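Quantities reported herein were computed from a predicted structural model and do not represent experimental measurements. Along the sequence shown, the residues carry numbers beginning at 1.
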Amino acid sequence: MPSSFTRRCFMSLCASATPVAAGTRLLGPTVAHAADAPDAFPMPPLPYPENGLEPAISARTISFHYGKHTAAYYGNLNKAVAGTPMATMKLEDVIKSVAGDPAKAGLFNNAAQSWNHTFYWAGMKPGGGGTPPAKVADALSAAFGSVDACVTQLSDAAKTQFASGWAWLAKGRENGKDVLKVLKTGNAENPITQGYTPILTIDVWEHAYYLDYQNKRPDYVQAFFDKLVNWDEVAKRL
């Protein structure tokens with residue numbers, strides 16, 4: 001791989017985390033604040049070792065994606081809410097309270113990306129994929145016709161989301177009925193701001209897959225379902 005390509009990829013990885021506001025200086029994975037003030041939203045640990053998802057996702061990717069990007073989102077979120085009433089709120093409520101407010105876009109981006117990433121990490125496991133448990137299979141078949149049909153729709157959403165974003169399986173109510181549906185969102189957007197409850201997500205920001213798959217996003221999406229998805233966690237979320 002040419003060195004210029006490697007540098008370009010590295011700079012893209014390091015630039016993706018959104019600062020809380022223009023002019024805010026990132027201080028690394030954590031943001032300095034009062035030493036005796038615990039974070040309002042501590043970053044949860046990974047549910048597996050950094051190399052736990054290999055070979056589908058490398059330890060190197062996770063070291064950047066979790067150790068740098070996810071940590072920066074949490075760091076900026078905690079800096080932004082420190083000393084405010086939002087520090088006592090649930091993270092989902094912070095997200096909903098600032099969604100759509102241009103003056104609070106930085107806070108929304110960091111709050112939503114913190115939530116999105118933690119949800120994404122928990123939706124995978126070492127040796128994942130395979131056949132979902134009966135509870136999941138029955139729900140997906142009822143909503144989409146079959147498990148394969150749901151996986152196809154969700155894969156297509158992940159592969160066709162333009163630029164950075166997320167593909168989601170979510171539940172909600174439409175016309176007085178409970179529904180399961182596939183959604184896709186750009187950047188930090190999250191279905192909870194649209195009245196849906198996420199069940200599963202695929203991160204399609206480039207920093208999620210570029211070191212391992214380069215521009216082959218469909219290969220990453222295929223590996224997600226073949227080797228990574230944690231169907232047991234999906235069953236708990238239904």
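For the residue pair D212 and S58, the shortest heavy atom distance occurs at OD1-OG, 2.7 Å. Nearest heavy atom pair, residue W121 against residue Y48, reads O-OH, 2.7 Å. Listed here is the closest heavy atom pair of P126 and L53: N-CD2, 3.8 Å. Nearest approach of P44 to Y74, heavy atoms of both residues: CD-OH, 3.3 Å. The heavy-atom pair separating S114 from L91 by the smallest distance is CB-CD2, 4.4 Å. Nearest heavy-atom pair, F144 versus Q153, reported as atom, atom and distance to 0.1 Å: CD2-NE2, 3.5 Å.
At distances below 3.5 Å, not a single donor-acceptor pair connects side-chain atoms of T185 with backbone N or O atoms of G165. Panel note: side chain N230, backbone D232; a donor-acceptor pair is recorded below 3.5 Å. In this structure, the side chain of S141 does not engage the main chain of D138 through any donor-acceptor pair within 3.5 Å. Listed for the W166 side chain is no donor-acceptor partner under 3.5 Å among the backbone atoms of T201. Of the possible donor and acceptor atoms, none in the side chain of N187 sits under 3.5 Å from a partner among the backbone N and O of E189. Judged by distance alone, with hydrogens and angles left aside, the side-chain atoms of N116 form a donor-acceptor pair with the main-chain N or O of A188 at under 3.5 Å.
Side-chain contact check for W168 versus F119: some heavy-atom pair is nearer than 4.5 Å. Two residues are said to be in side-chain contact when any heavy atoms from C-beta on lie closer than 4.5 Å; V81 and L107 meet this criterion. For the pair E174/K181, a side-chain contact is recorded, criterion being any heavy-atom separation below 4.5 Å from C-beta on. With a 4.5 Å cut-off on side-chain heavy atoms, V98 and M86 count as touching. Inter-residue side-chain proximity for V234 and P132 is flagged as unmet; no heavy-atom pair is nearer than 4.5 Å.
Counted within 6.0 Å of NZ on K159, heavy atoms from surrounding residues, nucleotides or ligands total more than 12; the atom is thus considered enclosed. For K125, the NZ atom counts as densely surrounded, since its 6.0 Å shell holds more than 12 non-hydrogen atoms of other residues, nucleotides or ligands. Enclosure of atom NZ in K135 by more than 12 non-hydrogen atoms of other residues, nucleotides or ligands within 6.0 angstrom is indicated.
Side-chain rings of W205 and H65 stay apart, their centers remaining 6.0 Å or farther from each other.
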Quiz: residues 217-224 side-chain donor-acceptor pairs under 3.5 angstrom, not counting sequence neighbours:
{"residue": "R217", "atom": "NE", "partner": "Y209", "partner atom": "OH", "Å": "3.2"}
{"residue": "R217", "atom": "NH1", "partner": "A158", "partner atom": "O", "Å": "2.9"}
{"residue": "R217", "atom": "NH1", "partner": "Q161", "partner atom": "O", "Å": "2.7"}
{"residue": "R217", "atom": "NH2", "partner": "A163", "partner atom": "O", "Å": "3.0"}
{"residue": "R217", "atom": "NH2", "partner": "V204", "partner atom": "O", "Å": "3.4"}
{"residue": "Y220", "atom": "OH", "partner": "Y120", "partner atom": "OH", "Å": "2.8"}
{"residue": "Y220", "atom": "OH", "partner": "D203", "partner atom": "O", "Å": "2.6"}
{"residue": "Q222", "atom": "NE2", "partner": "D226", "partner atom": "OD1", "Å": "3.1"}
{"residue": "Q222", "atom": "NE2", "partner": "D226", "partner atom": "OD2", "Å": "3.1"}

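Remark: T197 OG1 to E92 CD distance equals 9.5 Å, nearest 0.5 Å. In this structure, L238 CG and K171 NZ are separated by 6.5 Å, a value rounded to the nearest 0.5 Å. For the atom pair CZ of F225 and CG of L200, the computed distance is 6.0 Å after rounding to the nearest 0.5 Å. Taking CD from Q194 and NZ from K96, the interatomic distance works out to 12.5 Å, rounded to the nearest 0.5 Å. Taking CG from L228 and CD1 from I57, the interatomic distance works out to 5.0 Å, rounded to the nearest 0.5 Å. Separating the CZ atom in R60 from the CG atom in N51 is a distance of 15.0 Å, to the nearest 0.5 Å.
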Next on the checklist: Y210 vs N215, test: side chain to side chain contact (heavy atoms under 4.5 Å, CB included). Steps then yes/no.
Outcome noted: CA-CA 7 Å; Y210 215 83; N215 63 327; 4.0 Å; yes

